Structure formats: C-alpha cells, structure tokens
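All values below were derived from every heavy atom in this structure, side-chain atoms included, with hydrogens, water molecules and symmetry-related copies excluded. If you're wondering where the values come from, they're calculated on a predicted model, not measured in any experiment. Chain letters run A, B, ... following the sequence lines, proteins first and then strands; every chain starts at 1.
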Protein chains: 2
Amino acid sequence: MNFTISEENYIKSIYHLQQQSGIVNTNSLAAQMHTRAASVTDMLKKLKNKKLLQYERYKGFKLSETGKKVALQVVRKHRLWEFFLVEKLKFDWDKVHAIAEELEHISSDELVQRLDNFLGNPSFDPHGDPIPDKNGRIPTINQQNLTNIPLKKTVTVSSVGNQAPQMLEMLKHYNIALGTQVSVLNKFEFDGSLQIKIFKQNPCIISEQVAKNIFVHYAE
Amino acid sequence: MNFTISEENYIKSIYHLQQQSGIVNTNSLAAQMHTRAASVTDMLKKLKNKKLLQYERYKGFKLSETGKKVALQVVRKHRLWEFFLVEKLKFDWDKVHAIAEELEHISSDELVQRLDNFLGNPSFDPHGDPIPDKNGRIPTINQQNLTNIPLKKTVTVSSVGNQAPQMLEMLKHYNIALGTQVSVLNKFEFDGSLQIKIFKQNPCIISEQVAKNIFVHYAE
DNA sequence: AAATATTTTTAGATTTGTCTAAATTTTAAT
DNA sequence: ATTAAAATTTAGACAAATCTAAAAATATTT
Ligand SMILES: [Mn+2]
Ligand SMILES: [Mn+2]
Ligand SMILES: [Mn+2]
Ligand SMILES: [Mn+2]
C-alpha cells in the first residue's frame, strides 16, 4: 500500500511517541508535529480507516501491527539517507535531519535496498540510532546515559538522546562525536553536573541535562 | 522562492516542450502531464501570477526568464540523481526516470551541490542528456541522429531521443549503450530502415523510427 | 458532588490540485 | 461568410490537509 507524505509523517511521529509512553494522546502528537489538535483528530480518523491505528475517540491511540511496519520502513529510510548524507556527501551530523525528512518519502523499495547495500548495510545512523533492516528488525545495543556510569570507567559515546540542532552544535563544540572515548571524573551533587575527561582533551564540565542525553557503552 | 512539487513538474514540462516548439499550447502540455486541459489552465494562472510564465488566454504560453531558471534547476537535479542511481547504485538506465522524478523535488541547494561534487561534476546523464551547471548553463555537443550519418563512418552513441522504457529496453536488447561504436552499412529505401554494425557484433537492422532516436557524434 | 479546567472532537472555512460538463474563442472547412 | 470543428477557458464540484472557534467529554480541584 502507498501513503501520502503527510500520513507517513504522522505514522512516524506516533511511532516515536509510543516508544516512550506506550499510548499516545492528541495534544502531544500535535506538539510533535507542529500542528493543531483538530488536524490530528482528522488524520487519526483516516489512519484508523486504513487499519494503521488502534483508536477510540477520547481514549488515546497507538499503531496497529501494520502501522508499526510502515513506521519502521520510514525510519529505515530516514536513517539510511542520514548515513548517506554524512558518510558520502560529508554533511555535518547536525545538518542532515531536515533533508532526510524529505528523502524518507521517496517511495521506491528497490532504491532503499540498493542504497543500503551501497552504504555497506550500516547498523547505526550518524546520531547513533539503530537502522531497522528490510524486515523492520532493529539492532540493539547495551547503552546507558552518562549519569549512570561509575567514576573513572572509560566508555564510548554511542548515541545522542536529544538531537535538536542546538544539542548537536554543543557536542561539536565539546568535541564529542560518536565513538569518542570519555570517562566521568566527578559528579557534583549541587546541580548534578559532571566533570568528564574526553580522550586527548583537558577535563571539562557538562550539565546534567547534557549528560542525560549522551548515551555510551563500555569499550570493547 | 519555493515551489510545490506540482508547480515544478509543470514548469519542467513546459521547458521541455518549448525547447522544441518555441511556444506551448494547453493541450500538448495536458498530454505531456497526463492531466486535463482544464487543470492546465488553472495552473497557468498560478504560474503567471508568480511571474514564471508569459501567458495570455487562448494565445499559448512560454516560460519567463525566471521560469526558465527554475526549470533548469529541476532538470539539473533530475539528471544528477539519475547519474547517481546508475553510477553509484547500479540501476539500469531504463529504471531510473521514475525515481528521479521524485528525487528532483528535494529542496536543499547544498544537497545538490554536494551531490554534484560527489559524482565528479558529470556533464551528461545516463541517457546522454546534458546536466545544467549551478548557474543553469548547459554543455553542448555536436550530435546528429543515425539517419544522417554517411555509410561506413564509425560514430559513437551519445544520447537517446525517445527515452520511454520501451525504447531503452529495446536498445538494451540490441546491446547499444552510450559510448557504443556504430557504423551504418546500408540504408533501405523501402521503409528507411538501416543495416548497422555495432562494435564486436554481427550486423543487424533497425527501423527508421529507432534510428531517428539514436544520436551520435564522430569518434574523437 | 459540583464547579472548574483540560483535553479532545466537531462544525465550518480555506488552500491546493484535480476533475467533468458547459460555455467561449479560435481555426478550418464548406 | 457561414458553419462546423477544435482548442481553450470557465463554472462548479471534490478530496486532501490544514485552520479557528465552539461544543462535548474527561479529569481535576474545591
Ligand atoms: Mn518527513
Ligand atoms: Mn538520526
Ligand atoms: Mn517530478
Ligand atoms: Mn535522463
């Protein structure tokens, strides 16, 4: 089946929201999509008609199994294109989201599969997010955010929670990228900020808010 | 300024039609776009309002200078993406048009420029059509169709006139691609068909209709 | 439990792009 | 010069996606 760009964007947003909260409500989706609650309700009816959504009015909603499959294909395309933009076209990682937001709607299945192969079947996108495979399966990694890491243990940055351009820009300033080796030297009780040592750099301090959005795994 | 996908498709079609005939009329555009004359008229009004078109009702129309620039950028994107699909993703040349028809509407200028560089700033797309540069300038080549070539002279295939999948499939069957060396052995007066010799193959016969759509230049 | 606030849905409008059918204009034929 | 044919435009309708304002349902507070 084929979906409009708008439908795909809604489906993807619902998918991301329900990953966190299980069930999604109208206002949070409206906020995520930068649209109005009334518009969301209209689209929910369409998606329910197409059996992509479990939805009863006033009761919240979540994707059906079919809906989830559609969402995963859009996510797959988004992350593969982001990988292409960074690895092949040398875009900075904080510049690719908006472009991938358009490219993810190109419809050819063969294109996606060939792109995947051309890129060497990558498992993670430039922000460390897992790329679903052709069947929608997602590779898992054991990762935790920096606030949960014991002191002095060296870990590797594996992904970024908040991917707002502001956050990514900040990480660029700190010289933190995926794969960067870090250890936590000190945790300050007053505001939860962390003193960290970044490989080959002088120790510096990051706020708790930033630390919570830096995910890491133990070095192999 | 930014245009909708539909506007871009109309602008591009008008551009291609006026390349041949100077001025364009409603019905031929409707045919080209697989739409109805009434829809064309509606869009003409929009494009005229946006100063992309010189248009007076019942009198035909053509692109303004601004309109031509927009068209050339869309053509540029279309042909760069086609090149990408064939050279990098190894698509057959008869499978890329429909996909490029979508990709040409991705809006980022930086993307186009980086793609161009990544591909090595190609001058011609997989069908031998020239790729406009950033400023809309088009490389020219001296080419003629096969019916105008003197007998026994060896020439190189440089582009294809009719690019319908049926035509491209046929050329694939004949083993004719861009760069293929050909010479005309004989011209049959009865139906205008040509006996030709394709490099490393036995002589074969092609119809006048096919010959007219094979453009060639003299080998360097 | 009643009143108030929040969330969600409906009603009705708007924009974009399309369509059919009818009217108008231009062109070609008698 | 009329008439007939072809091309083009207008009138009016429709689907998709959005919006604002008002109504309805649910949740929270007194
Ligand atoms: Mn998108
Ligand atoms: Mn990403
Ligand atoms: Mn197109
Ligand atoms: Mn082409």
Side-chain angles (χ1 to χ4, degrees), chain A residues 1-14 17-18 20-63 67 70-71 74 101-102 104-105 107, chain B residues 1-15 17-18 20-63 67 70-71 74 101-102 104-107:
Chain A
M1 211 168 288
N2 253 0
F3 305 99
T4 67
I5 291 175
S6 196
E7 286 169 339
E8 287 188 347
N9 283 331
Y10 272 95
I11 292 166
K12 196 183 61 166
S13 282
I14 295 169
L17 285 173
Q18 77 182 23
Q20 304 171 318
S21 35
I23 207 154
V24 189
N25 53 342
T26 305
N27 273 344
S28 50
L29 183 52
Q32 175 98 351
M33 302 273 305
H34 304 105
T35 187
R36 303 307 180 130
S39 311
V40 169
T41 303
D42 288 344
M43 182 58 86
L44 294 178
K45 289 178 198 162
K46 279 179 228 167
L47 296 179
K48 187 186 179 176
N49 269 335
K50 297 193 177 186
K51 316 264 189 208
L52 297 164
L53 204 64
Q54 285 161 28
Y55 165 55
E56 279 189 86
R57 68 196 207 299
Y58 293 105
K59 301 282 163 119
F61 47 90
K62 62 180 178 181
L63 294 176
V70 175
V74 180
E101 201 55 50
E102 292 184 52
E104 72 190 358
H105 305 291
S107 58
Chain B
M1 211 169 284
N2 253 2
F3 305 99
T4 67
I5 291 175
S6 197
E7 285 169 339
E8 287 189 346
N9 283 332
Y10 272 96
I11 292 166
K12 196 183 61 164
S13 282
I14 296 169
Y15 173 81
L17 285 173
Q18 78 182 24
Q20 304 172 317
S21 37
I23 206 154
V24 189
N25 52 344
T26 305
N27 273 342
S28 51
L29 182 52
Q32 176 99 354
M33 302 275 305
H34 305 106
T35 186
R36 301 308 179 129
S39 311
V40 169
T41 303
D42 288 344
M43 181 57 85
L44 294 178
K45 290 179 198 161
K46 278 179 226 165
L47 296 179
K48 187 186 180 173
N49 271 335
K50 296 193 176 183
K51 315 262 190 213
L52 298 165
L53 204 64
Q54 285 160 27
Y55 165 56
E56 280 189 87
R57 70 197 206 300
Y58 292 105
K59 303 280 165 119
F61 46 91
K62 60 179 180 183
L63 294 175
V70 174
V74 180
E101 202 54 50
E102 291 183 54
E104 70 190 358
H105 305 291
I106 305 293
S107 58

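- In this structure, the CG atom of N49(A) is 13 Å from the P atom of dA17(D), given to the nearest Å.
- Among the nucleotides dT18(C), dT8(D), dC19(D), the one closest to the side chain of T35(B) is dT18(C).
- In terms of heavy-atom proximity, F61(B) sits nearest to T26(B) at CE2-N, 3.7 Å.
- Remark: C1' of dT26(D) and CD of E56(A) are 15 Å apart, rounded to the nearest angstrom.
- Contact annotation: R57(A) reaches the phosphate of dT10(C) (side-chain N/O to OP1 or OP2, under 4.0 Å).
- At dT9(D), one or more side-chain N or O atoms of T41(B) fall inside 4.0 Å of OP1 or OP2 (strictly under the cut-off).
- Separation of atoms CD1 (I14(A)) and CG (L44(A)) is listed at 6.0 Å; rounding is to 0.5 Å.
- Closest to the side chain of K46(A), from the set dT20(D), dA16(D), dG17(C), is dA16(D).
- Contact record, Y55(B) with K48(B): O-NZ, 2.9 Å, taken as the closest heavy-atom pair.
- When the side-chain nitrogen and oxygen atoms of T26(A) are compared with OP1 and OP2 of dT9(C), one or more of them lie within a distance under 4.0 Å.
- Comparing dC19(C), dT18(C), dC19(D) by their nearest atom to the side chain of R36(B) picks out dC19(C).
- The separation between K48(A) atom NZ and dT8(C) atom P is 16 Å, rounded to whole Å.
- At the phosphate of dA17(D), OP1 or OP2 sits under 4.0 Å from a side-chain N or O atom of T4(A).
- Side-chain atoms of S6(A) lie closest to dT18(D) of the nucleotides dT18(C), dT18(D), dT8(D).
- dA17(D) atom C1' lies 15 Å from atom CD1 of I11(A), rounded to whole Å.
- Between M43(A) atom CE and dC19(D) atom C1' the separation is 14 Å, expressed in whole Å.
- Salt-bridge check for K50(A) with E7(A): passed, with a basic side-chain N closer than 4.0 Å to an acidic carboxylate O.
- When the C1' atom of dT26(C) is taken as reference, atom NZ of K59(B) falls 9 Å away, rounded to whole Å.
- Between K45(A) and dT10(C) there is a side-chain polar atom (N or O) within less than 4.0 angstrom of OP1 or OP2.
- Looking only at distances, a side-chain donor or acceptor of H105(B) sits under 3.5 Å from a matching main-chain atom of E101(B).
- Listed pair N27(B) / dT8(D) meets the phosphate criterion, a side-chain N or O lying under 4.0 Å from OP1 or OP2.
- Heavy atoms of Y10(A) sit under 4.0 angstrom from primed sugar atoms or phosphate atoms, though from no base atom.
- The nearest whole Å value for the distance from the CD1 atom in I5(A) to the P atom in dA15(D) is 21 Å.
- Residue-level contact check: Y55(A) touches the backbone only, with heavy atoms under 4.0 Å from sugar-phosphate atoms and none from bases.
- Look at N25(B) and you won't find any side-chain N or O under 4.0 angstrom from OP1 or OP2 of dA7(D).
- Distance CZ/R36(A) to CG/D42(A): 14.0 Å, rounded to 0.5 Å.
- Using a 4.0 Å heavy-atom cutoff across all strands shown, D42(B) reaches at least one base atom of the nucleic acid.
- Between the base of dT7(C) and the side chain of Y58(A) there is no donor-acceptor pair shorter than 3.5 Å.
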